[in-house]
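Notes follow the structure.
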Amino acid sequence: MQRKKSWIFWWLMSFVSYEMLYENWVSGQGSCETMCNITSNIGRNHTECCMDYTDKVLRTGNRTDAMTAIRTLESVLERTEVNVSMQVCVKTFVALLHKPNDTFGGLKIYADDTQVTPDVPLLNSKVLVQLPRELDAGPNNKIVFCMFKWPKMNESIFESPHEVYDQRLVGLSVQNKEISGLQERINITMEFTKKIDETQKPSCHFLNYSTCNFSEDGCLTHWTRGQTNITCSCNHLTYFGVLIIPDPSITKKDQEILTHITVIGCSISLFALVIAILLFITNRKLRQDVSMKVHINLVIALMLLNLHFLPSQAAAAGSSSGLCLYMALLLHYSLLATFSWMALEGFHLYLLLVKVFNIYVKKYLLKLSVVGWGVPAVIVSVVVIIDRKFYGQVALETSNSTICYITNSYVKIWTTVVLFSLVFLFNVIMFGVTIRRVLILHHTREFGQNNLEKTKKDICSLAGVMTLLGITWGLVFFSFGLLTTPALYLFCILNSLQGFFIFLWFVMSLIKAKTSATKMSSETRSTNG
Ligand SMILES: *[C@@H]1O[C@H](CO)[C@@H](O)[C@H](O)[C@H]1NC(C)=O
Ligand SMILES: *[C@@H]1O[C@H](CO)[C@@H](O)[C@H](O)[C@H]1NC(C)=O
Ligand SMILES: *[C@@H]1O[C@H](CO)[C@@H](O)[C@H](O)[C@H]1NC(C)=O
Ligand SMILES: *[C@@H]1O[C@H](CO)[C@@H](O)[C@H](O)[C@H]1NC(C)=O
Ligand SMILES: *[C@@H]1O[C@H](CO)[C@@H](O)[C@H](O)[C@H]1NC(C)=O
Ligand SMILES: *[C@@H]1O[C@H](CO)[C@@H](O)[C@H](O)[C@H]1NC(C)=O
Ligand SMILES: *[C@@H]1O[C@H](CO)[C@@H](O)[C@H](O)[C@H]1NC(C)=O
Ligand SMILES: *[C@@H]1O[C@H](CO)[C@@H](O)[C@H](O)[C@H]1NC(C)=O
Ligand SMILES: *[C@@H]1O[C@H](CO)[C@@H](O)[C@H](O)[C@H]1NC(C)=O
Ligand SMILES: *[C@@H]1O[C@H](CO)[C@@H](O)[C@H](O)[C@H]1NC(C)=O
Ligand SMILES: CC(=O)N[C@H]1CO[C@H](CO)[C@@H](O)[C@@H]1O
């Protein structure tokens with residue numbers, strides 16, 4: 001018993017002391033200088049301790065702490081004792097301290113994630129820094145190179161509105177010298193392998209210590225699309241990073257056109273969907289068809305989607321947060337309902353093919369409706385119960401506007417992208433089954449009369465099935481990340497017109513039903529007569 005108590009006490013103590021240390025480390029009160037017991041003479045161990053501390057701050061601190069830690073680390077590196085050249089690597093930090101001899105003729109620094117060398121190329125260097133002769137550094141001016149990556153989960157620690165490539169910063173400084181306004185620029189060449197779409201481009205920025213912001217002033221970016229490295233040419237020394245910013249030359253015009261296409265397409269879609277619903281209500285034949293009943297649910301879901309997507313920007317611009325919450329919630333719900341009904345279309349198609357037009361499932365439509373409308377409602381309710389703030393204003397990344405939608409990226413990914421991927425996979429399989437079926441039918445009636453006519457009809461049907469199953473939405477996957485402009489247009493047009501296509505499908509089925517009915521009656525008449 002006694003033993004157990006002391007064990008718990010020990011555990012508590014270690015926990016508390018760890019917490020206290022941790023608090024101290026992160027609160028910024030203890031800078032690395034006090035935490036690592038640095039006085040004046042700084043050896044390698046102090047520097048390593050300071051790097052370790054800065055690494056912790058980048059993991060757990062806020063922007064102010066991070067900026068302070070980085071500046072302190074820079075000054076510690078400048079004061080670290082070194083004879084000629086020294087490399088210090090701790091965790092994600094890679095630093096080089098270099099004392100030039102009398103005649104400074106420029107310097108090249110090669111680095112990757114674990115090592116750094118002056119003048120000697122590394123096998124696979126990720127970063128190459130070229131310092132000009134103009135720095136004029138001597139034995140009293142230590143050149144400091146420091147590169148680090150911070151963890152992905154704290155991607156936005158510098159509160160930059162744009163993504164910093166690779167969460168990587170490269171710092172340069174010269175002890176006892178303030179370097180700015182260089183005639184010959186310093187060049188920092190980095191490996192750049194990220195695939196970015198045409199609406200974005202990389203841009204070299206530096207961290208301005210006095211504003212704690214990233215800024216472009218004095219830096220030139222040398223990069224062309226498809227190139228696997230990027231060179232930043234700057235006329236002063238600090239920490240540099242590559243930011244992924246929107247490319248205004250592409251975005252502005254194309255975004256405008258895309259917005260117009262979407263608005264026009266959605267409006268046409270909405271109109272066609274309303275007509276389709278009217279057709280369904282007024283036509284008894286349509287209402288009796290089970291497949292049509294399934295389609296009409298998809299039509300309603302799509303109509304809701306268009307209805308809430310069209311005014312979403314206007315709602316976001318308005319001041320009412322209640323309205324925005326409603327719009328976001330309904331937009332999410334109708335999107336999910338569209339997905340679920342697309343999946344049910346696939347399922348229905350499967351039943352049709354397997355059971356060949358005879359579906360004997362008790363209360364078939366009721367069951368489908370419970371899934372089709374209920375599952376999205378459950379998902380949306382769970383999200384809104386967990387946190388209402390998951391819905392609200394969201395800035396559109398590529399264009400200069402906000403809409404009312406899901407604000408949390410995890411919620412967005414799991415409840416839309418992942419769900420859609422599942423639906424898409426399911427429907428692609430169903431589509432494959434359909435094609436197989438059509439091919440088999442085709443084969444068996446190969447000696448039939450009007451092959452060309454039949455093929456044409458089959459292609460039309462397949463295209464119709466494709467829109468019903470929402471396969472066109474999958475374009476987004478084919479052009480993932482690298483959404484080339486033509487694909488973006490095609491995606492925009494096809495999807496905004498999905499409602500219209502479904503309307504056409506409705507009309508065609510109606511015509512088909514009518515002609516077969518007249519044929520049948522004339523046939524019966526001719527046999528009777
Ligand atoms: C950052 O965190 C420290 C404590 O860790 C706090 O004192 C400081 O006010 C915070 N700064 C900002 C801008 O939140
Ligand atoms: C700091 O170092 C000095 C000597 O190097 C030592 O006497 C002192 O106890 C150290 N302080 C802490 C807090 O470790
Ligand atoms: C640096 O730390 C190592 C262990 O981490 C130790 O063996 C070495 O004596 C330390 N050197 C100095 C100068 O404190
Ligand atoms: C620098 O050189 C001196 C004398 O050659 C040597 O004692 C010392 O350890 C060296 N320091 C480092 C950091 O290499
Ligand atoms: C200065 O360094 C260069 C190479 O870095 C070397 O070739 C040269 O001999 C050095 N000069 C002196 C005076 O040490
Ligand atoms: C950096 O590149 C520019 C051309 O882009 C060149 O003029 C300059 O000399 C280079 N600087 C160094 C230090 O090589
Ligand atoms: C950093 O920002 C301040 C304030 O905007 C500005 O005066 C200063 O020149 C900037 N620093 C650099 C290196 O551009
Ligand atoms: C720094 O950036 C933030 C947002 O990124 C902005 O609100 C602030 O005005 C900027 N500060 C300066 C001095 O530019
Ligand atoms: C950067 O890429 C270009 C072309 O892709 C190549 O010519 C150049 O040598 C590369 N530069 C470095 C430093 O790797
Ligand atoms: C973004 O929109 C706001 C207001 O709608 C406008 O003031 C600003 O100039 C726009 N920015 C760009 C880059 O188009
Ligand atoms: C600025 C920032 O996002 N800091 C976060 C870094 O990660 C830790 C742990 O996940 C969070 O507690 C911080 O808030």
Side-chain angles (χ1 to χ4, degrees), residues 63-64 66-68 70-71 74-75 78 94 96 98 100-101 103-113 115-138 141 143-147 158-162 164-166 168-196 198 201-245 482:
R63 169 165 74 161
T64 330
M67 292 294 294
T68 312
I70 288 172
R71 291 204 70 173
E74 189 174 283
S75 104
E78 281 178 15
V94 176
L96 175 77
H98 183 80
N101 54 22
T103 48
F104 184 71
L107 180 69
K108 280 185 182 167
I109 300 172
Y110 298 85
D112 64 21
D113 284 331
Q115 53 183 332
V116 49
T117 59
D119 282 327
V120 187
L122 289 170
L123 198 57
N124 284 314
S125 59
K126 285 197 159 158
V127 176
L128 161 64
V129 175
Q130 291 166 284
L131 297 169
R133 179 191 292 264
E134 198 186 332
L135 286 186
D136 197 21
N141 312 115
I143 292 175
V144 175
F145 166 93
C146 179
M147 176 170 85
F158 292 105
E159 292 172 27
S160 155
H162 304 296
V164 181
Y165 171 63
D166 216 10
R168 186 194 291 280
L169 289 185
V170 173
L172 289 164
S173 69
V174 177
Q175 187 189 16
N176 300 330
K177 269 201 171 187
E178 194 64 45
I179 307 284
S180 65
L182 291 171
Q183 289 299 313
E184 191 182 5
R185 292 164 177 270
I186 61 148
N187 294 328
I188 304 161
T189 304
M190 283 194 223
E191 189 181 55
F192 185 81
T193 48
K194 188 181 170 70
K195 292 222 178 337
I196 56 172
E198 286 175 19
K201 66 172 186 182
S203 165
C204 297
H205 279 62
F206 70 93
L207 202 51
N208 186 327
Y209 291 139
S210 47
T211 61
C212 293
N213 272 9
F214 282 100
S215 161
E216 239 181 333
D217 298 341
C219 279
L220 302 175
T221 307
H222 298 292
W223 177 79
T224 51
R225 214 163 271 285
Q227 197 176 316
T228 55
N229 60 39
I230 180 171
T231 299
C232 300
S233 249
C234 299
N235 65 5
H236 59 276
L237 299 182
T238 51
Y239 271 88
F240 301 96
V242 175
L243 267 57
I244 309 292
I245 63 171
L482 214 96

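Just so you know, ligand 1 is whichever comes first in the structure, and atom 1 is the first atom listed for that ligand. No hydrogens, no waters, no symmetry mates; every other heavy atom, side chains included, goes into these values.
Distances from atom 12 (C) of ligand 6 to the heavy atoms of Val129, Leu182, Asn187, Ile186 put Asn187 nearest.
Shortest contact from atom 13 (C) of ligand 9 to any protein heavy atom: Thr189 CG2, 3.5 Å. Here the heavy atom of the protein found nearest to atom 5 (O) of ligand 9 is Gln227 CG, 3.6 Å. Given atom 9 (O) of ligand 6, the protein heavy atom at minimum distance is Glu184 OE2, 2.8 Å. With respect to atom 6 (C) of ligand 9, the closest heavy atom belonging to the protein is Asn229 ND2, 4.2 Å.
Using cut-offs of 30° and 60° for the angle between ring planes, the Phe192 and Tyr165 rings count as tilted.
The two residues Ser173 and Glu74 have their closest heavy-atom pair at OG-CG, 3.8 Å. The nearest pair of heavy atoms linking Asn208 to Met67 is O-CE, 4.2 Å.
The Ser210 neighbourhood of ligand 7 comprises atoms 1 (C), 2 (O), 3 (C), with distances under 4.0 Å to a heavy atom of that residue. Atoms of ligand 7 lying under 4.0 Å from at least one heavy atom of Thr211, given by number and element, are 2 (O), 4 (C), 5 (O). Listed by number with element, the atoms of ligand 7 under 4.0 angstrom from any heavy atom of Asn208 are 1 (C), 2 (O), 3 (C), 8 (C), 10 (C), 11 (N), 12 (C). In the vicinity of Pro132, heavy-atom distances shorter than 4.0 Å reach the ligand 6 atoms 13 (C).
Leu169 places a side-chain heavy atom less than 4.5 Å from the side chain of Phe158. Residues Leu243 and Ser160 have side chains in contact (heavy-atom distance under 4.5 Å, counting atoms from C-beta outward).
A ring-centre distance under 6.0 Å is found for Phe206 and His236.
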**OP:** Under the disulfide bond (SG atoms under 2.5 Å apart) rule, what do Cys204 and Cys219 come out as? Steps first, then yes or no, please.
**Re:** CA-CA 6 Å; Cys204 297; Cys219 279; over 6 Å; no
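Proximity of Gln130 to ligand 6, defined as any heavy-atom pair under 4.0 Å, is shared by backbone and side chain alike. Within the 4.0 Å heavy-atom criterion, neither part of Tyr209 lies near ligand 7. Of the heavy atoms in Asp217, none comes closer than 4.0 Å to ligand 7.
For the residue pair Thr231 and Thr189, a side-chain donor N or O sits within less than 3.5 Å of a side-chain acceptor on the partner.
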